[in-house]
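Only a predicted model underlies this, so the values are computations on that prediction, with no experimental measurement involved.
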Amino acid sequence: MAPPTDGLSIYGTRLASRLMLGTALYPSPQVMADAVAASGAGIVTVSLRRESGTLRAGQNFWDLVRGLGVAVLPNTAGCHTAREAVTTAKMAREVFGTNWIKLEVVRDAETLQPEPFGLVEAARLLLGEGFEVLPYMTEDLSLADRLAEAGCRVLMPWGAPIGSGLGLNNRYGLRQLRAHFPEMTLIVDAGLGLPSHASAAMELGYDGVLLNTAVARAGDPVAMARAFARAVEAGRLAHEADPMEARDMAAPSTPVLGLASLGDLA
């Protein structure tokens, strides 16, 4: 199947694929590389912690990621304050040579829910220093407005808590966010467990999805990556096809006109 038209836009950069894939948790680096290739992902994400950046730890892995031939989106996973996130983002820019940053600031260790106040603060600081920020956030309209006012041109609301595989916990909230920002690039990030979850996000009109655990922890990560790629394509095509509205009552699909009746047998 040919990819859907127009592709994903990230701060003016056009990408052929609307699927973004993480690089953590795979059984081996080779399996990760094979899964990325099978997915056709336009972007891979990679985590850079303050300690590893200082010590240049993980350099071999980062070289492998660079060699995938896919755009790299560093993230600030594990940061709990705006200050931590800003410091990590600056190191990531030096390591990967990109102004893109997936901004994560989390408060709660149980749910890994984004911390809204630190997220907005860090976004403003990073945007002021030339970063192109992709904030990981809840599907809260007020938070989205503040991030957009700060200058974010991409928003990444979660589907469900990271690694949970629950899918789209709040379809109403995601639908309202899409309606509120019809021109903004919106990507569902985190919580997707099945290809059908990704397809559902695309059917809502989202521009892309980002996932990691569902592929990396599958029995066959390469096959699952391929399945997600097809689901994203199917969901986008369905959205572009203007699907029918749901109904409370049945409606016959076979026309009544021309059906045989008892009068015809008399």
Task: NZ/NE/NH1/NH2 to OD/OE distance under 4.0 Å, Arg247 and Glu245 - done: no

Nearest heavy atoms of [X] and [Y], plus distance in Å:
X      : Y      : value
Gly130 : Arg93  : C-NH1, 4.0 Å
Val222 : Ala35  : CG2-N, 3.9 Å
Phe228 : Val215 : CD1-CG2, 3.8 Å
Leu192 : His197 : CD2-CB, 3.8 Å
Pro221 : Pro27  : CG-CD, 4.3 Å
Leu177 : Ala144 : CD1-CB, 3.6 Å

If hydrophobic clusters are built from ILVMFWY residues whose side chains come within less than 4.5 Å, do [X] and [Y] share one?
X      : Y      : value
Ile10  : Val232 : yes
Tyr11  : Tyr206 : yes
Ile187 : Leu141 : yes
Leu73  : Leu119 : yes
Leu48  : Met32  : yes

TODO: Before giving the answer on side chain to side chain contact (heavy atoms under 4.5 Å, CB included), spell out for Leu155 and Leu147 the whole-Å C-alpha distance, their side-chain angles and the decisive distance to 0.1 Å.
DONE: CA-CA 8 Å; Leu155 299 177; Leu147 289 166; 3.8 Å; yes

Open item on the list: Give me each pair satisfying ring pair (Phe, Tyr, Trp, His ring centres under 6.0 Å) with a member in residues 75-107, each pair once, sequence neighbours excluded.
Closed with: Trp62-Phe96

Task: Pairs where residues 132-155 contributes a residue and the test salt bridge (charged side-chain N to carboxylate O under 4.0 Å, His left out) is met, not counting sequence neighbours - done: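 Applying salt bridge (charged side-chain N to carboxylate O under 4.0 Å, His left out) to every pair that reaches into residues 132-155, excluding sequence neighbours, yields nothing.
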
Is [Y] close to [X] at the side-chain level, that is, under 4.5 Å between some pair of heavy atoms?
X      : Y      : result
Ser199 : Glu233 : no
Leu143 : Val120 : yes
Pro114 : Val105 : no
Val154 : Met184 : no
Val86  : Leu126 : yes
Val106 : Cys79  : no
Ser39  : Leu21  : yes
Thr185 : Leu134 : no

Open item on the list: Under the rule for salt bridge (Lys or Arg N to Asp or Glu O under 4.0 Å), what residues qualify as partners of Arg178, not counting sequence neighbours?
Closed with: Asp207

TODO: Just do the salt bridge (Lys or Arg N to Asp or Glu O under 4.0 Å) check on Glu240 and Arg236 with the steps written out, would you?
DONE: CA-CA 6 Å; Glu240 293 177 339; Arg236 181 65 185 184; 3.3 Å; yes

How many angstroms lie between [atom1] in [X] and [atom2] in [Y], if you round to the nearest 0.5 Å?
X      : Y      : atom1 : atom2 : result
Glu104 : Thr76  : CD    : OG1   : 5.5 Å
Leu186 : Leu174 : CG    : CG    : 9.5 Å
Ile162 : Asp189 : CD1   : CG    : 7.0 Å
Leu19  : Leu211 : CG    : CG    : 5.5 Å
Tyr136 : Thr45  : OH    : OG1   : 12.5 Å
Asn170 : Trp158 : CG    : CH2   : 10.5 Å

Open item on the list: Determine whether a donor-acceptor pair (N or O, by modelled atom type, separation under 3.5 Å) exists between the side chain of Ser17 and the backbone of Gly40.
Closed with: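 Yes.
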
Open item on the list: With a 6.0 Å cut-off (strictly less than), is the heavy-atom count around CZ of Phe117, excluding the residue itself, greater than 12?
Closed with: no

- [ ] Take His239 and Leu204 through the test side chain to side chain contact (heavy atoms under 4.5 Å, CB included) and record every step on the way to the result.
- [x] CA-CA 7 Å; His239 172 71; Leu204 289 177; over 6 Å; no

- [ ] For Lys90 and Glu129, run side chain to side chain contact (heavy atoms under 4.5 Å, CB included): C-alpha distance rounded to whole Å, both residues' side-chain angles, the deciding distance at 0.1 Å, then the answer.
- [x] CA-CA 9 Å; Lys90 289 179 178 178; Glu129 296 202 26; 3.2 Å; yes

Task: Met20: which of Ile43, Val209, Val44, Val70 passes side-chain contact (heavy atoms from CB on, under 4.5 Å) - done: Ile43

Task: Modelled atom types, side-chain donor and acceptor of Glu84 and Thr88, under 3.5 Å - done: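 Checked: Glu84/Thr88 side chains show no N/O donor-acceptor pair below 3.5 Å.
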
